[in-house]
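Reading through the structure tokens given below for one structure.
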2 protein chains.
Amino acid sequence: MKDVATRAGVSVGTVSRVVNGLPNVDPQLESRVRKAIDELAYRPNAVARTLRLRRSLTLGLVIPDITNPYFAELVGAVESAALDAGYRLIVANSMDSAETEGMHLGALLDYQVDGMILAPTVVTEHMPMPVTIPCVVVDRSLIGDRADVVSSDNRAGGRAAAEHLVQLGHRLFAIITGPPHLSVARDRLAGFVDGLSAAKIRVPEPLMYAGSFDYSSGEEGVAQFIQAGLAPTAILASSDQQAIGALRACIDAGVAVPADVSIVGFDDIPVASLVTPRLTTVTQSISAIGSRAVDLVLKPRGGAHRRRRVVLPVSLTVRESTAKPGTGLPSAGTSRSRRRTRPTKSKEERHAIA
Amino acid sequence: MKDVATRAGVSVGTVSRVVNGLPNVDPQLESRVRKAIDELAYRPNAVARTLRLRRSLTLGLVIPDITNPYFAELVGAVESAALDAGYRLIVANSMDSAETEGMHLGALLDYQVDGMILAPTVVTEHMPMPVTIPCVVVDRSLIGDRADVVSSDNRAGGRAAAEHLVQLGHRLFAIITGPPHLSVARDRLAGFVDGLSAAKIRVPEPLMYAGSFDYSSGEEGVAQFIQAGLAPTAILASSDQQAIGALRACIDAGVAVPADVSIVGFDDIPVASLVTPRLTTVTQSISAIGSRAVDLVLKPRGGAHRRRRVVLPVSLTVRESTAKPGTGLPSAGTSRSRRRTRPTKSKEERHAIA
DNA sequence: AACGTTTCATGAATCGTTTCATCAGAGGGC
DNA sequence: GCCCTCTGATGAAACGATTCATGAAACGTT
């Protein structure tokens with residue numbers, strides 16, 4: 001900037017005013033300055049600007065796992081909302097580790113981000129929650145925390161999924177839930193239970209499986225249900241990844257979906273409409289979550305107000321993975337299932353290439 | 001920092017030396033300073049430090065589409081490699097737009113990142129390539145560019161995929177390629193052609209479809225092949241997303257995979273082993289790409305050297321989507337395919353939830 | 001006692017911006 | 001000619017860290 005100033009024969013102050021489009025600058029000088037800027041290919045140093053302005057025009061986003069398609073979508077949504085608002089975004093990935101998460105949080109603070117959006121991995125009461133900058137939690141909410149929250153109406157979604165299956169005639173259900181300490185998981189489960197108990201249905205203990213939201217939990221859940229030998233005709237999964245894993249396990253066990261067993265997922269990630277059968281699932285509007293979160297973080301509530309809580313509507317998308325009740329899952333010990341329970345490893349060959 | 005200094009009764013210089021663990025500081029003073037730091041919950045301002053040090057300990061990564069599972073994995077790999085090297089990562093998403101990409105590039109430069117890793121959307125000769133900081137291109141390489149490159153051995157992968165199918169007995173192939181201006185797409189195609197021409201096989205024009213790497217290109221490709229009416233028995237896709245889309249289209253057209261038609265993908269994204277049938281595909285080691293890229297960017301070549309090029313080996317993972325040749329794709333006009341060509345829209349219902 | 005070394009602490013300059021107080025000059029009104 | 005106002009440009013002081021030259025004390029050696 002100093003170089004630009006000397007080249008244009010003005011002071012740095014004037015260059016600054018040209019760059020920022022402030023008034024009170026002689027048109028002739030302005031063009032001289034612009035010329036110098038072009039010639040020197042000058043670009044303002046955002047770090048110095050941040051230091052002086054004490055705002056970085058940057059938001060931080062911390063997510064548990066970028067590899068999860070749901071969060072990948074969330075990143076996209078938040079980034080474009082932030083961009084629209086004139087902010088840039090730093091994404092950090094905690095890899096489901098509380099420690100990494102805390103590290104990222106601190107680093108983002110050190111980086112002077114103007115606000116933070118986070119989808120926490122863990123509930124930590126003593127999380128070093130940045131009181132200094134606005135902060136909103138998405139998807140999952142922290143217990144006893146004072147941060148604003150935006151999430152989908154997980155409970156209503158769960159209820160709708162359950163009601164849909166009940167309406168199709170199902171009576172014996174299996175449920176795959178997420179990590180119990182996450183509110184998303186609890187809310188979805190509560191929704192399932194709501195919908196089922198309205199029809200006086202209870203789910204027996206062995207037909208509940210608590211895992212994480214990933215593919216393998218779906219497979220593990222189904223393995224457990226088969227062990228239980230109760231032959232449920234429908235599976236309520238708490239994420240599409242779980243549902244796809246469950247689907248995989250059903251097929252491996254020789255169970256036809258939806259003819260024998262119905263499955264419903266949650267989230268509506270892109271691949272949900274590509275698997276066979278296409279997944280019936282609860283779709284949430286990720287772009288709405290992203291833009292509301294950015295809204296909240298950028299328009300902080302006045303000090304005294306209570307924490308804000310935005311709950312966004314979801315919808316049920318009925319595709320091909322649900323139908324009238326069939327024969328249900330097989331029991332362990334059936335030759336059919338015993339023979340084909342986990343063929344994954346055995347059927348995969350890996351060939352190095354010279 | 002000044003506050004810490006006055007509270008501990010020392011100068012800011014001393015505080016700085018304590019914080020950075022520099023020698024020549026009296027143990028007694030040091031403990032006073034540490035106490036003050038704790039009491040004031042002082043955290044160093046990374047922005048000021050960057051300004052002074054002229055390095056941010058930060059790397060930038062620009063990718064075309066975070067929603068693509070391949071890039072999501074890449075982000076994870078690069079981030080953990082960067083973290084291991086003591087750097088943090090800013091990820092930017094160009095959403096497949098050259099303009100956004102340029103914007104992000106500039107913004108990262110303004111942010112004084114110490115190095116840049118990019119998977120460019122477009123080949124722009126006059127891309128404002130940052131000569132000022134080290135920069136490496138991953139996955140795709142720019143034509144005529146001077147940046148270092150790390151990528152998988154796409155050509156060998158393509159060849160292996162083709163040879164695998166030839167070996168199974170296939171003679172009539174269809175190929176789905178990626179955007180022709182991307183070197184990844186060209187290399188994979190060249191590999192397919194290598195493998196096929198070794199067996200004296202040529203692919204007729206109507207059985208080549210050039211799309212992007214996403215799901216829908218796979219579906220569109222199969223639609224075109226069916227129109228062509230040549231009944232190929234195997235499909236070589238240039239990405240797993242394409243392969244999954246193609247698989248979807250086959251199933252919708254009543255074609256059994258792999259009984260009627262074999263499909264092989266490329267990348268080995270996580271969901272590739274979950275769809276039915278599990279995808280035979282070329283697996284690349286994304287974590288290797290990530291760590292090599294970080295290596296290169298952090299250890300810049302001396303000025304005079306030629307551009308470096310790292311090509312990583314791939315392997316062929318044989319799963320369930322390939323088998324001996326079957327009846328092949330149906331022709332357009334077959335009642336079977338006509339009736340069931342695009343049922344997607346018709347079979348999906350969306351229910352709002354009160 | 002004079003001198004040289006070593007060990008620590010200090011203060012000031014610096015990084016590249018923004019912004020505020022100041023000031024020079026032009027123009028108008030009397 | 002004097003005073004006032006207004007426009008536009010300047011220089012210097014921040015912002016929060018690092019670092020370098022300087023200097024003060026302590027200690028050995030001669």
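Each chain gets a letter, A, B and so on, in the order its sequence line appears, and its residues count up from 1. Given the structure is predicted, the values throughout are model-derived calculations rather than measurements.
Looking only at side-chain heavy atoms (C-beta outward), A:Val150 and A:Val136 come within less than 4.5 Å of each other. Within the 4.5 Å cutoff, the side chain of A:Val91 has no heavy atoms near those of the A:Glu79 side chain.
Heavy atoms from other residues, nucleotides or ligands lying under 6.0 Å from CD of A:Glu39 number more than 12.
Side-chain contact, A:Tyr111 with B:Thr58: a donor N or O sits under 3.5 Å from an acceptor N or O. No hydrogens or angles considered: nothing links the side chains of B:Ser56 and B:Tyr87 as a donor-acceptor pair under 3.5 Å. A donor-acceptor contact closer than 3.5 angstrom links the side chains of A:Asp214 and A:Ser212.
Put simply, CZ on A:Arg55 is 12 Å from C1' on C:dT18, counting in whole angstrom units. Going from atom CG of A:Leu53 over to atom C1' of C:dG16 covers 12 Å, rounded to whole Å. Regarding A:Leu51, its CG atom lies at a distance of 17 Å from the P atom of C:dT14, rounded to whole Å. Rounded to an integer number of Å, the gap from B:Asp110 CG to C:dG16 P is 14 Å. The separation between B:Lys2 atom NZ and C:dG11 atom P is 13 Å, rounded to whole Å. The distance from atom CG of A:Asp3 to atom C1' of C:dC15 is 14 Å, rounded to the nearest whole Å. One interatomic measurement links the two molecules: CZ of A:Arg43 to C1' of C:dT17, which rounds to 15 Å at whole-angstrom precision.
Using a 4.0 Å heavy-atom criterion, one finds that A:Pro44 contacts the sugar-phosphate atoms exclusively. Here B:Arg52 lies in heavy-atom contact (under 4.0 Å) with a base.
At the phosphate of C:dG16, neither OP1 nor OP2 sits under 4.0 Å from any side-chain N or O atom of A:Asn45. Regarding contacts with the backbone of C:dT18, a side-chain N or O of A:Arg49 is found under 4.0 angstrom from either OP1 or OP2.
Rounding to the nearest 0.5 Å gives a distance of 6.5 Å between CG of B:Asn45 and CG of A:Leu51.
Projected onto DNA chain C by closest heavy-atom contact, B:Arg54 and B:Val25 fall at different nucleotides, the more 5' of which corresponds to B:Val25. Across the interface with DNA chain D, nearest-nucleotide mapping of B:Val47 and B:Leu22 shows B:Val47 to be the residue nearer the 5′ end.
In terms of modelled atom types and a separation under 3.5 Å, the side chain of B:Asp148 and the main chain of B:Arg309 share no donor-acceptor contact. At least one donor-acceptor pair closer than 3.5 Å links the side chain of A:His104 to the backbone N or O of A:Asn93. A donor-acceptor pair under 3.5 Å links the side-chain atoms of A:Ser97 to the main chain of A:Glu99, judged by distance alone. Under the 3.5 Å distance criterion, the side-chain polar atoms of B:Arg17 are matched with a main-chain donor or acceptor of B:Asn24.
Listed in residue order, the members of residues 6-19 of chain B having a heavy atom less than 4.0 Å from DNA chain D are B:Gly13, B:Ser16. Listed by residue number, A:Asp26, A:Leu29 are the residues of residues 26-42 of chain A with a heavy-atom contact under 4.0 Å to DNA chain D.
Tested against B:Val18, the residues B:Val33, B:Val4, B:Leu29 include a single side-chain contact (heavy atoms from CB on, under 4.5 Å) partner, B:Val33.
Protein chain A contacts DNA chain D over a range whose 5' and 3' limits, counting nucleotides with an atom under 4.0 angstrom from a non-hydrogen atom, are D:dG8 to D:dG16.
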